[in-house]
Number of protein chains: 2
Amino acid sequence: MRGNLFAVAVDLVVLTVRDDRLHVLLVRRGERPFESHWSLPGGFVQADEDLGDTAARELAAQTGSATGDAVSGHLEQLGGYAAPDRDPRGRVLSVGYLALLPEVPDPVGPLQAAFLPVEDVYGLAFDHDLILADGIERARAKLEYTTLAAAFCPAEFTVTDLRRVYEAVWRTEIDPRNFQRKVTSTPGFLVPTETRVTGGRGRPPQLFRRGPATTLHPPMLREPAAALS
Amino acid sequence: MRGNLFAVAVDLVVLTVRDDRLHVLLVRRGERPFESHWSLPGGFVQADEDLGDTAARELAAQTGSATGDAVSGHLEQLGGYAAPDRDPRGRVLSVGYLALLPEVPDPVGPLQAAFLPVEDVYGLAFDHDLILADGIERARAKLEYTTLAAAFCPAEFTVTDLRRVYEAVWRTEIDPRNFQRKVTSTPGFLVPTETRVTGGRGRPPQLFRRGPATTLHPPMLREPAAALS
DNA sequence: AAAATAGTGTCTGTCAGACATTATTAG
DNA sequence: CTAATAATGTCTGACAGACACTATTTT
């Protein structure tokens, strides 16, 4: 079996929506290389692990395990990154994973970790700027043709909550009336709940849970179709 | 740097349309494990290579290099596969790549290689059945919202050629009239050429080249929208 | 002329974008 | 009652699905 040997790591692009802006979880590196630089959280694949196992383990470790469960959130592979010089220590292949989480507090623990607004993030360690960009683009694209936006919401949420997710991820404004029509008329996207909201200022909103639907057919498009001449 | 070491390989899902059916390039293994089984073509990542370099090199090697060029065809990463037991020789991570090619003859060379219809393919070596399935699904999905179908066509092709690609990949029938309207009205998808066709039986078709457009907006959907109640 | 293939045209229903109105709460 | 937020309704244009006709070649 020819070929060089690689260390294999998993790096996580953990996205959430906080304060109507898309945030990504970063950790400050405590060791060289890139000591004290921000980086994506990640770790090496252990002996008996498949890639998804490593990703789930790291996600649980970084977020206190409350978020890696099946109901909340979403975890999917982005792809492999293996530029020959991406790690000065030697040949390291990193597999990027994308995680979408409801709003959670910044992790507390031995290493400094925080959610930062994605537009403020530059100069990450290694090639993490690239992995992050790929993760954001994947998330943006998937909101168009899947029901994945609900992964950013807590178990029960309103149509307005969901719309704010789209607006934060796409950085656009969406007409609330058309949005409501679209998401409520897509079978299986939203399931109404009996829970009542109280204490708000205006008319209390209907609460929904995620439905079984996973794809949006037809999709919801970021750009309002092709501009004509 | 903790973590186990992996050999890293690239495996190619090389698809083409031949005889109105989707085919995949397979090679018969000449050594253990899985000796004499069909497998996806691939090879190990060499010292100074990035993953895409390895994929392009292997593609050129398997298809006589006439197909790895920039104009023809398409090459993109599928993702990483690293189940702990996927290779009995030890820990091997494979990065799947998807290649779409115009119709080419079966390669000739030292090892037995051929394009086989994808519906006839089962029992590939390693986890190549899985990688192949992911590659096919990726290709099917991408025809919906990109102009990638043209990568299956030669430099000059007719609308009918292009429609046959869609029909082969999706295993559906498409109305030629609606299809013609869709693809010719998408700006930048098809560029008419001056070349005339002669020798055919009916009215000679218009020939087109690929245009600069890469995305289809709005997309063309496999399933005719949601069935209503 | 007949057969074969290429290409255009029309009708209709669905759906997204734009915009106005009604509903239900707290103070 | 007023302010605030939630939700529904209407009009219109773009576009896909269904289907019929015209155009241009070979034999």
- Whole-Å gap separating C1' (dT25(D)) and CZ (R196(B)): 11 Å

- When R181(B) and N178(A) are each assigned the nearest nucleotide of DNA chain D, the 5'-most assignment goes to N178(A)

- When P219(B) and P204(B) are each assigned the nearest nucleotide of DNA chain D, the 5'-most assignment goes to P219(B)

- Query: CG of L190(A) versus P of dA6(D): gap in Å, rounded?
  - Reply: 15 Å

- Please determine, for the side chain of R201(A), which listed nucleotide (dT24(D), dA4(D), dA26(C)) has the closest atom? dA4(D)

- What distance separates R181(B) CZ from R177(B) CZ, expressed to the nearest 0.5 Å? 10.0 Å

- Message: Is the phosphate of dT8(C) approached by Q180(B) (side-chain N or O, under 4.0 Å from OP1 or OP2)?
- Response: yes

- Query: How close or far is atom C1' of dC19(D) from atom CZ of F179(B), stated in whole angstroms?
  - Reply: 18 Å

- Query: Does R177(A) get its side chain close enough to the base of dA20(C), under 3.5 Å, for a donor-acceptor pair?
  - Reply: yes

- Whole Å only: how far is the CD atom of E173(A) from the C1' atom of dA18(C)? 14 Å

- Message: When you measure from the side-chain N and O atoms of T160(B) to the phosphate of dA6(C), is any distance below 4.0 Å, counting only OP1 and OP2?
- Response: yes

- Message: Looking only at the side chains, is there a donor atom on one of T172(B) and E167(B) sitting less than 3.5 Å from an acceptor on the other?
- Response: no

- Task: Look at all strands and tell whether T184(A) reaches a base, only sugar-phosphate, or nothing, counting heavy atoms closer than 4.0 Å.
- Result: nothing

- Query: Want to settle it: does D175(B) or R164(B) sit nearer the 5' end of DNA chain C, counting the closest nucleotide to each?
  - Reply: R164(B)

- Task: Find the distance R203(B):CZ to dA6(C):C1' and express it as a whole number of Å.
- Result: 5 Å

- Item | Interatomic distance where CZ belongs to F157(A) and P belongs to dA6(D) [whole Å] | 14 Å

- Could you check how far CG of L221(B) sits from C1' of dC15(C), rounded to whole Å? 12 Å

- When you check the phosphate oxygens OP1 and OP2 of dC15(D), does a side-chain N or O of K182(B) lie under 4.0 Å from one of them? no

- Task: State whether a side-chain donor-acceptor pair under 3.5 Å links Y81(A) with D50(B).
- Result: no

- Query: What are the two closest heavy atoms between H37(B) and A125(B), and how far apart are they?
  - Reply: CB-CB, 4.3 Å

- Quick one: Y166(B) OH to dG17(D) P, roughly how many Å, whole number? 13 Å

- Aromatic plane relationship, Y166(B) with W170(B) - under 30° parallel, 30 to 60° tilted, over 60° perpendicular: perpendicular

